[in-house]
Structure formats: structure tokens, C-alpha cells
Amino acid sequence: MSGRKVPVRHTPEGQPNTPDARDTAPVFRDKPVSFVRRSGRMSEAQDRAWAELSPVYLLPVERAAAATSVKAGTAADLEHVYGRAARLVVEIGSGQGHQIVSAASADPDTDFLAVEVFTAGLARTMLDADREGVKNLRLVEANAPEVLEHMLPAASVDELWVFFPDPWHKNKHTKRRLVAPEFARIAAQALRPGGTLRLATDWQDYADQMRDVLDEAPGFERAFAGEWADRFEGRVLTAFERKGLRVGRDIRDLTYTRVSP
């Protein structure tokens, strides 16, 4: 062998595709997603949480094309998952889980679902949920639009939260933003009539985009007066919001109601 290094090409989800792996590599999406999935080192506690707690908290997912995909036609039986019929709140991009663990702990009569693609964040969420004795929370490791479209039954969600999604602030990357017309359609499908969509961001141009998209979406109407909604009282102050405030950005909240078809 010459010793020449073989270039490693990465797929949209950050998975390597070397010549040796081409025959076994999975098929990937042909459309951009709102994240780049990187493997992060987990702490010993997170490794232990994943091994011991994922059977309790993590929902199994039938995959389609990619590692974080959801196969069409595989809607979950939510009453079986939670062992009851109750209000359902879904958070997209739950990160380390600070928001959803706090909310689930404070409202045991409501069921909560955290949607995230980063394993370390999911492990931390399970660890904190277990420490707080939270029983009404489940997690799913998957691309959020596919969870809403394929995994959750239509009109099954009472509230959908999108707090501080990746702003993809460079012009060449804005096509990867989550909140776009197709997302509005899928969110409207998942929410029950009268359900609530809550959003927040510290990037002004993304806030403008969110508002334009949802003002035009046929399934939604504003649930606020004026330019922006009041800050959602149920949102804890996370690192993302603190960072935005620290550098002088305005935090923009938006709230929309799912209107009847």
C-alpha cells in the first residue's frame, strides 16, 4: 500500500462513507435536514443512563432511509406508550432536556415527548428525568418532521414547542431551517384543532421567517396581538436563551392556534 490517506466523505447526517464502507453504508436522504448529526463523547453517567434507562424512556422507531428517519405508516399507539389517554406536549429539539424535564415534572397530568437527534442530549434528559422521578415523559431519537408526519397519529398533539432551533444564519444554509412551509403543513397535521404551536428564537431574521411562514399557513392563526407574542411563562431559561441575551439579541416568541380544517 502507498500509505496515501483515503478521503472521507460525510453524508448530510455526518456519517462517514469510505470506500470500505460503501457496500454496507445505509441510504441517506436526498433533501437537507435541519441538523448535522455529529457523534459526541458521552460521560460515564450518560453511558450508564443510555444502557439502563433507554428501555423505559426511549421509544423504538422503525427506520426508513437514514439513521434518524421514521418509516411511513408506523404511527405509535400513544395510549399504550403512556399507559393512559392525556394531553400531549411535544418539544422539537429538546437538547439536554432542561425544558421538557422541568415541564413534565411540574405537570404530571400531561404527557410529554422529547424529539432530539443527539444521543448525549437524550442520555442527559433520561438521567435528569429519572433523578426527578418523572414518569410522564418519553423520548424519540429521530428527525422531527418525520416524527410528526409518520410516528404521531394525526391530531394527537395538544401543544408543539420549537424553542431556539438552529438558525442556520449563513445565507447559503437558510434552506436547512426547520420552520418552512412544509413544516407548517406537517405541524398542522399533528396538532389537534385548537392546539397550540409555540416558537422562540433569538435570531431576528429567523423570527421574521417563522412569522411569515405561519401567517401564510392555512392551518394556523395568530394567538397574539401586536408584532410578537409574550414570552411563554412555561419556558425555562436555557443556555441558548442566556447566550442570546448576553450578546444583546432580542428574544422573539410566537404562538399560533391550529384552526379547524
Side-chain angles (χ1 to χ4, degrees), residues 49 53-61 70 75-116 121-142 144-165 178 183 186-200 214 219-221 223-224 229-238 240-241 253-260:
L53 299 175
S54 59
V56 176
Y57 287 105
L58 195 66
L59 298 188
V61 181
V70 179
D77 181 340
L78 295 176
E79 288 193 32
H80 176 75
V81 167
Y82 292 96
R84 65 180 182 178
R87 291 182 69 251
L88 178 64
V89 175
V90 177
E91 183 182 14
I92 290 176
S94 54
Q96 300 290 315
H98 302 303
Q99 169 65 42
I100 204 158
V101 171
S102 174
S105 178
D107 187 4
D109 292 330
T110 296
D111 292 332
F112 291 83
L113 179 65
V115 182
E116 182 56 74
L122 291 166
R124 173 63 183 272
T125 302
M126 289 187 282
L127 194 63
D128 288 349
D130 181 64
R131 184 180 296 119
E132 296 295 323
V134 171
K135 306 297 184 185
N136 55 327
L137 172 63
R138 298 294 183 271
L139 288 66
V140 59
E141 185 181 18
E146 294 175 74
V147 172
L148 297 180
E149 185 166 29
H150 302 312
M151 191 169 185
L152 296 179
S156 62
V157 179
D158 291 270
E159 288 199 22
L160 180 61
W161 297 346
V162 185
F163 298 148
F164 302 95
L178 174 69
F183 172 80
I186 295 170
Q189 172 186 302
L191 280 162
R192 66 167 177 81
T196 302
L197 172 61
R198 301 186 187 277
L199 310 99
L214 291 163
F220 291 100
E221 64 181 14
F224 60 96
D230 293 335
R231 187 185 190 281
F232 174 43
E233 292 182 358
R235 194 175 77 242
V236 301
L237 190 63
T238 63
F240 288 105
E241 187 167 359
D253 278 70
L254 292 165
T255 309
Y256 286 82
T257 300
R258 170 71 166 102
V259 296
S260 298

Atom pair [atom1] ([X]) and [atom2] ([Y]), whose distance is rounded to the nearest 0.5 Å:
X	Y	atom1	atom2	value
Glu149	Gln189	CD	CD	5.5 Å
Leu59	Leu139	CG	CG	8.0 Å
Phe224	Arg198	CZ	CZ	12.0 Å
Arg138	Met126	CZ	CE	12.0 Å
Leu214	Thr257	CG	OG1	11.5 Å
Leu237	Ser102	CG	OG	11.5 Å

Check whether [X] reaches the backbone of [Y] with its side chain - one donor and one acceptor, N or O, closer than 3.5 Å.
X	Y	result
Glu146	Met151	no
Thr125	Gly121	yes
Asp158	Leu88	yes
Arg258	Ala188	yes
Arg84	Val81	no

What's the shortest heavy-atom distance between [X] and [Y], and which atoms?
X	Y	result
Val162	Phe183	CG2-CZ, 4.0 Å
Val90	Leu152	CG2-CD1, 4.0 Å
Ala142	Val147	CB-CG2, 3.6 Å
Ala49	Leu127	CB-CD1, 3.8 Å
Pro153	Ala76	CG-O, 3.5 Å
Gly93	Glu116	C-OE1, 3.4 Å

task = Quick one: sort the Phe163 and Phe232 rings into parallel, tilted or perpendicular, breaks at 30° and 60°.
result = tilted

Taking C-beta and beyond as the side chain, do [X] and [Y] meet within less than 4.5 Å on heavy atoms?
X	Y	result
Asp130	Tyr57	yes
Leu148	Ile92	yes
Val134	Asn136	yes
Arg235	Phe164	yes

ask   = For the side chain to side chain contact (heavy atoms under 4.5 Å, CB included) test, which of Leu191, Thr255, Val157 pairs with Leu197?
value = Leu191

Side chain to side chain contact (heavy atoms under 4.5 Å, CB included) between Asp107 and Phe112, intermediate numbers included = CA-CA 9 Å; Asp107 187 4; Phe112 291 83; 4.2 Å; yes

request  = Please indicate whether Phe220 has more than 12 foreign heavy atoms, meaning atoms of other residues, nucleotides or ligands, lying under 6.0 Å from its CZ.
outcome  = yes

inquiry  = For the CG atom on Asp77, are there more than 12 heavy atoms of other groups (residues, nucleotides or ligands in this structure) within a distance under 6.0 Å?
reply    = yes

inquiry  = Salt bridge or not between Arg231 and Glu241? Use side-chain N to carboxylate O under 4.0 Å.
reply    = yes

